[in-house]
Amino acid sequence: MYLTHLECSRCGRGHPADRPQNLCECGAPLLARYDLAAVAAAVTPERFTLRPADLWRYRELLPVADPRHVTTLGEGWTPLLRTPAYGARIGIPDLIVKDEGLTPTGSFKARGAAVGVSRARELGVERIAMPTNGNAGAAWATYAARAGLGATIAMPLSAPTICRRECLAAGADLRLVDGLIGDAGRHVAELLAESAGGIFDAGTLREPYRLEGKKTMGYEIVEQLGWQVPDVIIYPTGGGVGLIGIHKALHELRELGWVEDRLPRLVAVQSTGCAPIVRAFAAGEDRARPWTDAYTVAFGITVPAPLGDELILTALRDSSGTAVAVDDAEILADLRDFAAVEGLLLCPEGAACLTAARQLRAGGWIRADERVVVLNTGAGLKYPETIDVSAVPLV
Ligand SMILES: *Cc1c(COP(=O)(O)O)cnc(C)c1O
Ligand SMILES: [Zn+2]
């Protein structure tokens, strides 16, 4: 294993990686650091081609030492689909969708859960707990079951019932909260305080390894494009873990010398019903203020106060990217258009990225000749309410 230590994303302080860790004393998330010179000496990009089609193909850049602790359901290596018909409609011929809807548990949260649970198990954790908008809890409950760990999951009452079912099916201790993810977070904080160390806090960015799972989307995009970076990557941003992860992956690949120096411009997409990052980005602020009365059909991005706000804003500025808020009615209209033209049913979060691509192209921020990758972060089938069947005639 090439993992050397953890580094605070704000104060830079180093922390040992050989025991379960949460936030730095300063309150910021920790980032996993590797001996990249040793990785570059041990493996070349060509070698990955010969490996199994899952995210563990990047094992030198992942935090699990013993293969026996790898907890997998075959996550990763999702298709990068060219979508020229829809692309032509919106003036981006080289539009590409990375379809995370094919990931186990129906969302890319499985990447974070696979790596996070595997490492937690390796470090001797016996039970994890987390607040969730639905998909993360479903994924962590599923992988925890597979690893033989306990899982306590706190979820808003308004989260999709499919995610509740997944948690129960996996034998998790599911808590429903009448409120938003922040309220679920307060419930988990109480449980953790009572448990006096018996439960590990696996909340978004509160442990360092979920990010490591999600960063593999960045490696895959680059490898699937023949070790080339696209011009723009558009990401539906809630907690921002995927965006921060892709940014981290791109920097690691640059340091390894496996890609050119240019970074793709990263775009954070939020809903106008919950857009703390867009507001902070537009105001030139380093931190985001909590959003009140958050609501959007794209439940995965309903995060009024993301813990990783600084990291998200840094990734956007460092890559000359931007942040866009799109409206729910447009998200749903684009979701339906796209399904009819390309035959792929996106999740609303993924469709939000299409809306953003369309608007950024119309405003000239994306040029016609640019290669644009959109992340479809979950399976459209998890959101049956996006397609209205009430008008279908009975024959
Ligand atoms: C969680 C989630 C997101 C947001 O992911 P972050 O990395 O936390 O920003 C986007 N889409 C779906 C479907 C999700 O479940
Ligand atoms: Zn710190």
Side-chain angles (χ1 to χ4, degrees), residues 6-15 21-31 78 98-103 105-113 116 130-140 155 159-160 162-163 166 181 203-206 208 210-218 233-248 266-271 274-278 288 296-312 315-316 323 331 335 345-353 374-383 386:
L6 302 169
E7 184 184 274
C8 174
S9 59
R10 187 184 298 149
C11 74
R13 217 190 120 184
H15 296 259
Q21 296 275 17
N22 291 115
L23 299 175
C24 179
E25 286 76 7
C26 78
L30 302 180
L31 301 174
T78 53
K98 184 152 177 71
D99 188 17
E100 292 291 303
L102 294 179
T103 311
T105 75
S107 88
F108 78 123
K109 292 291 196 303
R111 292 181 187 263
M130 61 163 50
T132 175
N133 273 330
N135 282 333
W140 281 73
M155 192 182 286
I162 181 72
C163 299
E166 291 175 271
I181 189 165
T204 305
L205 290 171
R206 290 183 173 274
R210 179 199 296 215
L211 180 67
E212 295 304 287
K214 286 194 173 183
K215 79 176 179 184
T216 58
M217 290 187 291
I233 298 177
I234 308 188
Y235 182 81
T237 304
V241 188
L243 187 102
I244 298 164
I246 290 171
H247 181 244
K248 182 174 189 278
L266 301 177
V267 179
V269 181
Q270 300 200 296
S271 159
C274 182
I277 295 297
V278 178
T296 160
V297 290
F299 71 84
I301 54 176
T302 319
V303 183
L307 178 63
D309 54 348
E310 281 173 298
L311 284 164
I312 301 169
L316 298 180
I331 294 176
L335 180 150
L345 185 62
L346 303 177
C347 62
E349 295 83 354
C353 295
V374 158
L375 271 303
N376 180 46
T377 41
L381 297 177
K382 280 188 111 168
Y383 304 70
T386 60

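Just so you know, ligand 1 is whichever comes first in the structure, and atom 1 is the first atom listed for that ligand.
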Could you walk me through whether K248 and E212 pass the salt bridge (Lys or Arg N to Asp or Glu O under 4.0 Å) test, one step at a time?
CA-CA 9 Å; K248 182 174 189 278; E212 295 304 287; 2.8 Å; yes
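Excluding waters, the set of protein N, O or S atoms lying under 2.8 Å from the Zn ion (ligand 2) comprises C8 SG, C11 SG, C24 SG, C26 SG.
Residues passing the side-chain hydrogen bond (donor to acceptor under 3.5 Å, both in side chains) test with E166 are K382, sequence neighbours excluded. The side-chain hydrogen bond (donor to acceptor under 3.5 Å, both in side chains) search around E349 returns Y383, not counting sequence neighbours.
Note that the OG1 atom of T132 and the CD1 atom of I181 stand 5.5 Å from one another [nearest 0.5 Å]. The structure places NZ of K214 at 4.0 Å from NZ of K109, a figure rounded to the nearest 0.5 Å. L381 contributes atom CG, which lies 11.0 Å from atom SG of C347 (distance to the nearest 0.5 angstrom). In this structure, I331 CD1 and T296 OG1 are separated by 4.5 Å, a value rounded to the nearest 0.5 Å. R13 CZ to C26 SG: the interatomic distance, rounded to the nearest 0.5 Å, is 9.0 Å.
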Pick out the protein N or O atoms lying less than 3.5 Å from any N or O of ligand 1, and list each pair with its distance.
from	atom 1	to	atom 2	distance (Å)
ligand 1	5 (O)	Y235	OH	3.2
ligand 1	7 (O)	K214	NZ	3.2
ligand 1	7 (O)	Y235	OH	2.5
ligand 1	7 (O)	V241	N	3.0
ligand 1	7 (O)	G242	N	2.9
ligand 1	8 (O)	G239	N	3.0
ligand 1	8 (O)	G240	N	3.4
ligand 1	9 (O)	G238	N	2.8
ligand 1	9 (O)	G239	N	3.2
ligand 1	9 (O)	G240	N	2.6
ligand 1	11 (N)	T377	OG1	2.7
ligand 1	15 (O)	K109	NZ	2.8
ligand 1	15 (O)	N135	ND2	2.9

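In summary, the side chains of Q270 and T237 do not present any donor paired with an acceptor at a separation below 3.5 Å, with no hydrogens or angles considered.
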